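Take a look at the structure set out below.
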Amino acid sequence: MPYKPEDYKFVKYLWEDDVADKLDPVENLVYRSNKLGEDQRITNTGGGNTSAKLIETDPLTGEDVEVLWVKGSGGDLRTSKKENFSSLYQDKLNALDNTYQSFSDKGYKSAGEDRMVGMFKHCNFCLNPRASSIDTPLHSMISEQHVDHLHPNAVISVASCKDQEALTEVIWGGKLAYVPWMRPGWEAAKLCEDTYAENPDIWGILLGQHGHTNWSNESKSCYETSLWVIETAARYIEEHDKGEMTFGGQKYSSLDGYSSKALLTKFLPVARGMLSNNVKFIGTVQNDEATLRFVNSVDAPRLAELGTSCPDHFLRTKIKPLYVDFNPEQDDIHILIEKFERGLEKYREDYTAYYNACKRDDSPAMRDPSPTVVLIPGVGMIAWGKNKSESRVTAEFYNCAIEVMRGAEAISEYTALPALEAFDIEYWALEEAKLQRMPAEKTLARDVVVVIGAGDGIGKATAHRVAREGAHVVCADLNLDSAEATAKELTDIYGQGIGVAGSGISACGPAIALAVDITRREAVEAMLAEVVFAYGGIDKVIVTAGVFIAEGPDLAKNDNVFDVSFGVNVKGGYIVASEAQKIWEKQGLNGAMVLTTSVNAAVSKKGSLAYDTSKAAANHLMRELAVTLSPLINVNALAPATVVQGSNMFPRDRVISSLSKYDIAFEDSESTESLRNKLAQFYAQRTLTKQPITPEDQAEAAYLLVSGQLSKTTGQVISVDGGLHEAFLR
């Protein structure tokens with residue numbers, strides 16, 4: 001029988017009657033799903049599905065009809081809402097078997113079986129547009145009202161053992177039946193239906209290499225049965241845990257935190273460059289205790305080579321990871337790079353051979369043969385994906401794979417899916433169709449863009465602009481609070497992404513905030529090291545940080561004005577470029593840099609001697625950097641003029657001073673932004689376009705310079721000044 005809520009040790013009992021009893025039946029299903037997904041030990045991100053057969057009013061006839069509500073394709077149990085569930089007429093789903101049986105090409109892995117997925121939409125209730133899960137037949141054919149299909153680590157551990165069928169009887173005492181591995185679809189669902197019909201007293205079914213399905217006629221008891229299945233398996237594994245001899249014991253010791261991070265800071269850009277020979281990847285580092293115990297173990301090379309088991313896993317992790325034969329106690333960074341390069345070459349050869357051995361006449365073209373998971377003894381795991389969210393999910397799934405292997409090796413011997421079965425999941429026509437339906441990636445989707453000065457003004461606007469194009473944005477600023485505010489704005493708009501993996505800052509989403517003083521090399525070096533650990537490297541750097549200090553009558557004090565102006569506006573840009581250069585050269589990937597200068601660099605005038613000359617020097621610094629960093633990195637400059645709105649370079653006292661200087665009427669009670677708008681309108685009348693210059697105008701130009709649209713432009717200054725003829729180059 002299910003355990004008491006207080007007795008669970010390996011899953012969390014989260015059901016609350018006071019909440020659940022107030023919900024309507026569909027909301028209750030969503031609640032159950034969220035509670036199951038909330039515990040990472042129950043199912044992985046995006047994996048598993050739940051359902052309920054409910055009585056609804058048919059909008060066409062007004063009659064009561066049975067409707068299957070089931071988590072839709074691509075949904076995530078932890079975060080799903082009602083709109084993430086499909087709703088289908090149950091009687092129409094039942095009738096689909098007649099359709100299937102009429103196909104001449106029916107059968108396991110047949111085109112007819114795949115064609116059934118397209119039939120589900122003909123059963124939609126109330127024009128619900130949510131695409132149905134591939135497991136819809138499984139939920140439909142089990143007659144019980146509530147069904148959970150999950151991928152818990154403890155259960156997959158049993159399902160991955162060489163003697164999985166015998167263990168099913170031993171562990172669950174006949175309450176779970178067993179069916180061997182079958183790719184999800186109509187035939188697998190029919191087998192489960194037949195198994196249930198032959199064993200009406202069972203509570204669920206163990207699906208070989210896959211997970212389990214259980215059911216009940218009441219939502220809460222279905223939830224409790226799911227927990228019972230998982231808790232029972234976990235307890236059995238715990239009873240047989242091998243302790244210090246897990247994975248054959250430890251062969252290596254982990255590097256200390258400082259040494260590991262220092263090694264990764266040097267290695268990650270190199271690895272990213274080598275991996276990104278076709279497309280660029282974003283990385284996630286996992287170096288928690290469980291991961292290190294595995295990668296440091298005696299059995300890690302053997303188990304890694306076997307590959308993963310659950311099909312949900314290797315769709316992200318590929319059939320196996322790349323294990324680097326690195327000795328953390330003897331090898332240095334150079335040996336690590338050499339071993340990684342050799343291992344990468346061998347991995348690509350193996351993957352190509354796997355594809356060629358398993359492909360069919362109608363198989364999709366081979367995808368990138370590079371690994372998405374890299375294991376390094378003493379260091380941990382690096383997962384790679386097209387964006388941060390995907391790389392975190394990849395890391396999460398291999399974390400699950402490690403736990404599966406731990407459990408299987410504790411109670412028996414771990415076995416992976418046969419290569420052909422793995423291939424038929426990875427290159428399944430339905431999966432390929434899903435990939436083809438995905439929207440095109442945005443311009444900067446695979447890029448890491450560092451915006452220095454992102455706390456306000458042009459920098460904040462630029463951070464928002466590149467984020468809109470899919471960039472992973474590092475909001476760096478002298479003022480960390482301002483940088484964090486910008487990063488939070490981006491995260492609120494675009495979300496943290498799915499996946500619950502990553503260590504330290506590498507668990508981040510698509511935007512992070514970092515403090516940096518660009519006049520201090522050690523501060524810039526430390527900031528970029530954090531960026532590398534977070535994402536694996538850098539692609540674009542946009543420096544909008546700058547300082548304006550007006551000279552006064554005391555000439556001696558003006559010496560300091562020059563020092564500060566040149567320190568920030570010139571030397572700061574050089575320090576950033578030279579530190580970024582180290583990373584760019586390790587990666588070997590094309591990138592871009594933008595320095596923000598000023599049209600004042602080309603206009604001689606009174607009152608801003610230090611600022612104007614520093615910006616003139618910054619223009620030439622940009623040209624020198626364009627030569628120095630070529631051909632890998634394009635370097636250009638953005639030259640704004642009189643960007644008053646939202647700019648901290650125009651504090652209230654400076655704005656009031658300028659308004660007074662130009663005899664522009666104002667009231668002391670007016671807000672700073674109102675005063676800035678008046679000054680901006682005045683400046684606009686001095687331009688050819690007669691329009692105020694905004695931070696967003698500058699951000700658009702900054703984006704253009706890093707977008708790739710001007711990939712053959714370098715060493716140039718783009719002025720965004722509304723048309724100041726005094727600044728025309730001559």
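Computed from a predicted model, the values in this text were never measured in an experiment.
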* Atom pair CD/CD1 of E484 and I512 - distance to nearest 0.5 Å -> 11.0 Å
* Structure fact -> D332 and F326 have their tightest heavy-atom pair at O-CE1, 3.8 Å
* **Within-4.5 Å side-chain heavy-atom neighbours: F562 and T613** => yes
* To do: Could you tell me which non-hydrogen atom of A483 sits nearest to which non-hydrogen atom of D477, and how far apart they are?
  => CB-CB, 3.9 Å
* Structure fact -> When every non-hydrogen atom of T689 is compared with those of G722, the smallest separation belongs to OG1-O, 2.8 Å
* To do: Report yes or no: do N636 and T713 form a side-chain donor-acceptor pair below 3.5 Å?
  => no
* Asked: Would the number of heavy atoms belonging to other residues, nucleotides or ligands and lying under 6.0 Å from NZ of K678 be above 12?
  -> yes
* Any side-chain donor paired with an acceptor under 3.5 Å for S608 and D612? -> yes
* Asked: Is there a side-chain contact between T394 and W384 (heavy atoms, below 4.5 Å)?
  -> no
* So which heavy atom on N287 is nearest to which on S260, and how close? -> ND2-OG, 4.3 Å
* **salt bridge (Lys or Arg N to Asp or Glu O under 4.0 Å) between R676 and E673, worked out** => CA-CA 5 Å; R676 284 174 174 164; E673 204 55 37; 3.1 Å; yes
* Around E341, counting heavy atoms of other residues, nucleotides and ligands shown, do more than 12 lie under 6.0 Å from its CD? -> no
* Would V279 and R446 satisfy side-chain contact (heavy atoms from CB on, under 4.5 Å), going step by step from the backbone distance to the final call? -> CA-CA 8 Å; V279 291; R446 293 175 180 262; 3.6 Å; yes
* In plain terms, say whether E700 and R465 are close enough for a salt bridge, that is, a side-chain N and a carboxylate O under 4.0 Å apart. => yes
* About how many Å separate CD1 of I656 and CG of D668, when rounded to the nearest 0.5 Å? -> 6.0 Å
* **Side-chain touch L275/L344, heavy atoms, less than 4.5 angstrom** => yes
* Asked: Is it true that E579 and K582 make a salt bridge, defined as a side-chain N closer than 4.0 Å to a carboxylate O?
  -> yes
* So, the side chain of N569 versus the backbone of V547: is there a donor-acceptor pair under 3.5 Å, distance only? -> yes
* To do: Count the heavy atoms of every other residue, nucleotide or ligand shown that sit under 6.0 Å from CZ of F682, and state whether that count exceeds 12.
  => yes
* Got a second to check how far N479's CG is from D517's CG, nearest 0.5 Å? -> 12.5 Å
* Asked: Side chains of F340 and L322: does their closest heavy-atom pair fall under 4.5 Å?
  -> yes
* Closest non-hydrogen atom pair, S253 against N296 -> C-ND2, 4.0 Å
* Asked: Can you tell me if S370 and D368 form a side-chain donor-acceptor pair at under 3.5 Å?
  -> yes
* Asked: Is the count of non-hydrogen atoms from other residues, nucleotides or ligands lying under 6.0 Å from K690 atom NZ greater than 12?
  -> yes
* Answer yes if the side chains of H334 and E338 hold a donor-acceptor pair under 3.5 Å, and no otherwise. => no
* To do: Go through the steps for Q698 and T596 under the test side-chain contact (heavy atoms from CB on, under 4.5 Å), then give the verdict.
  => CA-CA 9 Å; Q698 311 302 325; T596 304; over 6 Å; no
* Asked: Among all residues two or more places apart in sequence or in another chain, which pass the salt bridge (Lys or Arg N to Asp or Glu O under 4.0 Å) test with K442?
  -> none
* For residues 530-553, which residue pairs qualify under salt bridge (charged side-chain N to carboxylate O under 4.0 Å, His left out), counting only residues two or more places apart or in two chains? -> K261-E530, R272-D539, K280-D539, D447-K540
* Would you sort out whether M593 and V543 count as a side-chain contact (heavy atoms from CB on, under 4.5 Å), showing the intermediate values? => CA-CA 8 Å; M593 182 173 191; V543 182; 4.0 Å; yes
* Residue pair T462 / Y703, side-chain heavy-atom distance below 4.5 Å -> no
* Check: S506 side chain, G502 main-chain N or O, donor-acceptor pair, under 3.5 Å -> no
* **4.5 Å side-chain heavy-atom contact, Y535 and S391** => no
* Asked: If we ignore angles and hydrogens, is there a donor and acceptor under 3.5 Å between the side chains of D456 and S482?
  -> no
* Going by heavy atoms in the side chains, are L514 and I505 under 4.5 Å from each other? -> yes
* Determine, stepwise, if the pair C475 / V473 fulfils side-chain contact (heavy atoms from CB on, under 4.5 Å). => CA-CA 6 Å; C475 302; V473 187; 4.0 Å; yes
* Structure fact -> Test side chain to side chain contact (heavy atoms under 4.5 Å, CB included), reference K615, set L595, T597, V603, V570, output is T597
* Verify whether one side chain among S674 and N677 offers a donor that lies under 3.5 Å from an acceptor in the other. => no
* Asked: Does atom CD of E289 have more than 12 heavy-atom neighbours from other groups under 6.0 Å away?
  -> no
* To do: State, yes or no, whether a side-chain contact exists between R392 and I498 at a heavy-atom distance under 4.5 Å.
  => no
